[in-house]
**Student:** 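For reference, the structure I am asking about is given below.
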Amino acid sequence: MAREKWGSQTGFWLAAIGSAVGLGSIWRFPYAMGGSGGLFLLIYLGAVILFGLPIFMAELAIGKKTKQGPVGAYREIAEGNYGKRMGIFQIITSLVIMSFYSLIGGYCIIYIFKIGGLAGNIIDLAAAQNLFDRISGNFWLSFWGMFVFLAISCATVVVGVKGIEKLNKYLMPALFLILFVLSINSLTLPGAAKGINFLFSFNTESFGIHCILTAIGQACFSLSIGIGVLVLFGSYCSDNNMGILKSSVIVIGADTIVSIMSAIVIFPTFFSFTNTSPSLGGLELAFMALPMVFAKMFCGALVAISFFILLLIAATASAVSLIELPVAYLMDSYGWKRWKASFCVFAVILIGGIPSIYSKSFLKGIDYFASNWMLLGCVLLLCLFLRRYWDKIGISQIIEEETGSTILASIVSFLIRYFVPIVIIALVFSNIF
Ligand code: PHE
């Protein structure tokens, strides 16, 4: 059967932006930032350029070269079992990420139904906290929210990703537009300056290895790198419709703008309504700040509902790319039918998510572990793999042919083969000792 292809270059960009932009930028970014403000932002931007860009390009190059999903691609490139083991570790990571990602997606669904009637009442932090506690403290409500989110995502995987390409065409611009309106709105709130100040000033007190680790982990999480999603997406590109550098810059740029806009919506709002530090907001930060901003807006209920619907769709597009990895593996390696593989993945993630529904500290712990340690583990394994097979994959040639720049190819090669692995290994050691 001929391999599926993206309809156009823009279709590919939008699908890649759809995978990148999700709960990571809107829910996780401000929460990961915690109390570190501008310092976090700076390290994050550094990580996006030094980690994100080269790895994004390398993953696309592997997909473009092999025209196969991750496990097949690694197997084709590498002798022995290294490629297969790395692929399986990536799949396990995607399942662990999905176990909490789908719970947060479920919260979005619940908010869509609850927020309309309540929008005008969320006038202070206590009301916002109360709403979140009532939802997250109700086991069955959270369970069904997660169930529905997973069912929608898995059903999309069963149908195929072509629909998502079309859907993203309209929804991504709509999400940008709403975020833009919200940012302007939150900037006009009284006390907003404090939030902006926090966002761009260096708070060295909360700086430490933890801050560096979280910023790098967040960059990898938000850009969807390290676990093979971009290998898969690159494999659906026909040779003439993808410039690796141009595509990477566009997708990474869009995702970074969304993350910064979300922070501009959330921090000024938080400061405007409360005097506590946003680090106290924890993982419910976005779920508390957003309803407060909606409460003060003209047509707040309507904006609130549309926002959570868009967020849900953005989250679904990301979840689909995470679910597609294990599903594609089961189909390719064991010949399973798409629906059977999707159903099993659905069941595994649902069961895996139960401890997170029970305990918020478990949710926080598993998020921290998977998004930082497991994801960075994937990135490290990938770099070591790329280091060994650099010439065989011909990444430098691909970059040179495309950009005409040997310097750029050498910089990418240096970053992937030396800089990124050394930084990750240093982080591991500094955490152990
Ligand atoms: N980037 C997605 C988000 O920000 C999450 C994701 C991580 C998707 C890894 C695919 C791979 O929500």
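Indexing begins at 1, ligand by ligand and atom by atom, following the structure's order. All values below were derived from every heavy atom in this structure, side-chain atoms included, with hydrogens, water molecules and symmetry-related copies excluded.
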**Student:** Considering only the protein, which heavy-atom contact is closest to atom 8 (C) of ligand 1, and what is its distance?
**Tutor:** Ser224 OG, 3.3 Å

**Student:** Counting only heavy atoms closer than 4.0 Å, does ligand 1 sit against the backbone of Ile227, its side chain, both, or neither?
**Tutor:** side chain

**Student:** Could Glu324 and Arg338 be called an ion pair, given the rule that one side-chain N must be under 4.0 Å from one carboxylate O?
**Tutor:** yes

**Student:** Closer than 4.0 Å to some heavy atom of Ser222 - which atoms of ligand 1 meet that?
**Tutor:** 1 (N), 4 (O)

**Student:** Measure from NZ or CZ of Lys340 to the centre of the six-membered ring of Trp336, then state whether that distance is under 6.0 Å and the direction lies within 45° of the axis.
**Tutor:** yes

**Student:** Tell me: protein heavy atom nearest atom 12 (O) of ligand 1, and distance?
**Tutor:** Tyr101 OH, 2.4 Å

**Student:** Are there more than 12 heavy atoms of other residues, nucleotides or ligands under 6.0 Å from atom NZ of Lys246?
**Tutor:** no

**Student:** If I apply the N/O under 3.5 Å rule, does Val21 come out as touching ligand 1?
**Tutor:** no

**Student:** To which of Gly22, Gly18, Ser19, Gly24 does the heavy atom nearest atom 2 (C) of ligand 1 belong?
**Tutor:** Ser19

**Student:** Does ligand 1 come near enough to Leu23 that some N or O of the ligand is less than 3.5 Å from an N or O of the residue?
**Tutor:** yes

**Student:** Between Tyr82 and Arg75, is there a cation-pi geometry (under 6.0 Å to ring centre, at most 45° from the normal)?
**Tutor:** no

**Student:** Can you tell me the protein heavy atom closest to atom 4 (O) of ligand 1 and the distance?
**Tutor:** Ala20 O, 2.8 Å

**Student:** Can you say whether the rings of Phe267 and Phe198 are parallel (under 30°), tilted (30 to 60°) or perpendicular (over 60°)?
**Tutor:** tilted

**Student:** Hey, does Phe221 come in under 3.5 Å of ligand 1, counting only N/O atoms on both sides?
**Tutor:** yes

**Student:** So Val265 and Pro30, do their side chains get closer than 4.5 Å, heavy atoms only?
**Tutor:** no

**Student:** Need the ligand 1 atom indices (1-based, order shown) with element for anything under 4.0 Å from a heavy-atom of Ser321.
**Tutor:** 10 (C)

**Student:** Look at the aromatic rings of Trp140 and Phe143 and report parallel, tilted or perpendicular, splitting at 30° and 60°.
**Tutor:** perpendicular

